[in-house]
Amino acid sequence: IADDDYGAQKLWVEKLCDFAIEHKAIVFLITHSRKLESEHERADKMDVKGSGSITDLACTLLNVWRNKRKEEKPEELKDEADVILSCQKQRYGDWEGRKWLWFDSASFQFLDSPQLLPEAYVPFARPTLVSSAAGGTRHG
């Protein structure tokens with residue numbers, strides 16, 4: 001679908017909505033925002049790139065903002081969240097708001113606070129390095 005073909009974009013989103021209703025499914029449509037003045041600005045639902053029908057027809061709209069300033073100055077901004085998750089539309093729910101999240105790179109989990117530890121959802125053992133007789137190492 002062309003970037004400026006708003007009618008086709010609307011039709012596509014209507015088809016996604018029809019599919020979700022018919023199959024009692026949840027469908028995630030991931031979009032990009034329009035280019036803002038800088039990557040440090042936070043986009044909102046009015047900044048979704050494409051047809052306004054994308055946000056009009058959605059039942060729920062979540063926005064994920066990555067804190068690139070913190071990536072540039074990690075020690076200076078260590079207490080700031082890595083990501084802000086915003087619920088900007090909830091057709092069938094009461095809550096709209098923001099959630100600040102901190103990324104734990106070892107577990108690839110987002111946590112509610114920098115003091116929390118990640119959850120072990122699946123047992124996982126890291127491979128150990130074993131020396132071989134030939135002098136090299138291999139994973140054990």
Side-chain angles (χ1 to χ4, degrees):
I1 299 172
D3 285 349
D4 61 349
D5 191 347
Y6 300 135
Q9 292 175 26
K10 179 181 181 196
L11 183 61
W12 174 243
V13 175
E14 286 174 342
K15 287 181 180 185
L16 287 175
C17 292
D18 291 345
F19 174 89
I21 292 166
E22 180 181 341
H23 296 283
K24 296 182 177 135
I26 295 172
V27 175
F28 284 89
L29 172 62
I30 299 170
T31 66
H32 289 271
S33 66
R34 293 181 179 87
K35 300 288 184 231
L36 303 174
E37 284 188 35
S38 94
E39 289 187 324
H40 301 150
E41 277 189 74
R42 284 185 273 190
D44 66 17
K45 67 182 173 184
M46 304 308 285
D47 296 313
V48 171
K49 190 174 182 178
S51 169
S53 297
I54 295 170
T55 56
D56 292 346
L57 294 169
C59 292
T60 303
L61 188 126
L62 300 174
N63 182 303
V64 179
W65 177 76
R66 182 173 153 192
N67 188 351
K68 291 206 173 182
R69 282 182 332 126
K70 183 177 180 181
E71 293 172 15
E72 295 164 5
K73 300 176 183 180
E75 284 307 309
E76 188 177 316
L77 303 172
K78 65 181 175 187
D79 294 331
E80 285 191 14
D82 296 308
V83 163
I84 298 175
L85 175 65
S86 303
C87 179
Q88 299 180 343
K89 180 178 180 181
Q90 267 287 34
R91 188 178 307 241
Y92 302 113
D94 295 336
W95 184 81
E96 290 181 10
R98 292 184 178 147
K99 187 95 169 132
W100 284 257
L101 300 169
W102 284 260
F103 184 66
D104 178 73
S105 60
S107 67
F108 285 88
Q109 292 181 36
F110 286 97
L111 307 172
D112 288 331
S113 115
Q115 290 81 29
L116 290 178
L117 296 174
E119 293 286 330
Y121 293 103
V122 177
F124 178 79
R126 295 192 185 276
T128 57
L129 295 176
V130 180
S131 296
S132 69
T137 58
R138 63 180 177 82
H139 290 285

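Worth saying up front: this structure is predicted, and the values here are computed from it rather than measured.
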Give a yes or no on whether the backbone of Q88 and the side-chain of S86 come within a donor-acceptor separation of less than 3.5 Å.
no
Does H32, at its NE2 atom, have more than 12 non-hydrogen atoms belonging to other residues, nucleotides or ligands within less than 6.0 Å?
no
Distance from I54 atom CD1 to Y6 atom OH, nearest 0.5 Å?
9.0 Å
Minimal heavy-atom distance between L116 and L111, with the atoms involved, is O-CD1, 3.3 Å
Could you give all pairs that pass the side-chain hydrogen bond (donor to acceptor under 3.5 Å, both in side chains) test and reach residues 37-56, with sequence neighbours left out?
E39-K68, H40-E72, S51-S53
Give a yes or no on this: more than 12 heavy atoms of other residues, nucleotides or ligands lie within 6.0 Å of atom NZ of K10.
no
Nearest 0.5 Å, what's the CD-CG distance between Q90 and L62?
7.5 Å
Minimal non-hydrogen separation, W102 against D112, with atom names
CZ3-O, 3.2 Å
Is the shortest side-chain N to carboxylate O distance from K70 to D82 below 4.0 Å?
yes
Evaluate the side-chain proximity of S105 to F103: yes if any heavy-atom separation is below 4.5 Å, no if none is.
yes
What is the minimum heavy-atom distance between R98 and W95, and which atoms define it?
N-CZ2, 3.8 Å
Write down the atom of R34, the atom of G50, and the distance for their closest heavy-atom approach.
NH2-O, 3.4 Å
Counting neighbours of CH2 on W100 that are heavy atoms of other residues, nucleotides or ligands and sit closer than 6.0 Å, is the number greater than 12?
yes
Report the C-alpha separation of Q109 and D104 in whole Å, then their side-chain angles, then the decisive distance to 0.1 Å, and conclude whether the side chain to side chain donor-acceptor pair (under 3.5 Å) test is met.
CA-CA 5 Å; Q109 292 181 36; D104 178 73; over 6 Å; no
same_hphob_cluster(L36, V48) at 4.5 Å side-chain heavy-atom cutoff:
no
Under 4.5 Å between side-chain heavy atoms, hopping through other hydrophobics if needed: is there a path connecting M46 to L29?
no
Shortest non-hydrogen contact between A2 and Q9, atoms and distance
O-NE2, 3.2 Å
Same cluster for V13 and F19 if Ile/Leu/Val/Met/Phe/Trp/Tyr side chains link at under 4.5 Å?
yes
Please say which of I84, L101, V83 ends up in a side-chain contact (heavy atoms from CB on, under 4.5 Å) with V64.
V83
